[in-house]
**Student:** 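So that we are looking at the same thing, I have put the structure below in C-alpha cells.
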Amino acid sequence: MTDIKEKSAKKTTAPKKSPAKKANQPLYVNGRYVVVKELPQKPKKGTKPYALGSKKVKVTLVKSVNGCLEGQQRTIEALGLKKIHQSRVLNDNEAIRGMLFKVKHLVVVEEVK
C-alpha cells in the first residue's frame, strides 16, 4: 500500500508544463488554422508618404453632386471641383486615387504627361 501512495503523491506534485508557443507556428483555434494578418507599417517620422510625383491626372466633374451622399459631396469639394465640366490637374498619389475611387461615378479621370 505504501507503494501506491508514493506513486500517487509523485504524480500530483509534478507541475504540468504547458506547451510553449513558437512564433513561426500557425494559430490553431477551434479546429482551424487562423491566419494572423500583419498591419501595414506606418511611415517613419519625417517622411512624406504622399510625396509629389512626376505624374499628374486631370479630373473633370461630369455629374451633379445633388442627391449624392454627404461624404461624396465633400470629396468633390476637397478635389476642388464646384461646377459640372470643371477640371483640375492634380498630383497622382495614393490619397488622390482614394478620393477618386470614392467618386468614380461622378468624374472622368485622364492621365496628363
**Student:** Is there a side-chain contact between Leu79 and Leu90 in this structure, where contact means two heavy atoms from C-beta onward sitting under 4.5 Å apart?
**Tutor:** yes
**Student:** Hey, what do you get for CD (Glu77) to CD (Gln73), rounding to the nearest 0.5 Å?
**Tutor:**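 It comes to 9.0 Å.
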**Student:** In Å, rounded to the nearest 0.5 Å, how long is the span from CD of Gln72 to NZ of Lys63?
**Tutor:**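 NZ of Lys63 is found 10.5 Å from CD of Gln72.
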**Student:** With a 4.5 Å heavy-atom cut-off, do Gln86 and Lys83 have their side chains touching?
**Tutor:**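 Yes, close enough: below the 4.5 Å cut-off.
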**Student:** Could you tell me whether the side chain of Leu100 reaches within less than 4.5 Å of the side chain of Val59, counting heavy atoms only?
**Tutor:** yes
**Student:** Donor-acceptor pair, Asn91 side chain versus Asn93 backbone, under 3.5 Å?
**Tutor:**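 It does not hold such a pair.
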**Student:** Is the shortest heavy-atom distance from the side chain of Val57 to the side chain of Glu110 under 4.5 Å?
**Tutor:**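 A side-chain contact is absent here, since even the closest heavy-atom pair is not under 4.5 Å.
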**Student:** Can a salt bridge be assigned to the pair Lys56 and Asp92 using a cut-off of 4.0 Å between side-chain N and carboxylate O?
**Tutor:**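 No salt bridge links Lys56 with Asp92.
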**Student:** Measuring from Lys102:NZ to Leu69:CG, what's the distance to the nearest 0.5 Å?
**Tutor:** 8.5 Å
**Student:** Side chains of Leu106 and Ile76, heavy atoms from C-beta outward: is any pair under 4.5 Å?
**Tutor:**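 When only atoms from C-beta onward are counted, Ile76 and Leu106 do touch, with a gap below 4.5 Å.
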**Student:** Got Arg88 and Leu81 here, is their nearest side-chain heavy-atom distance under 4.5 Å?
**Tutor:** yes
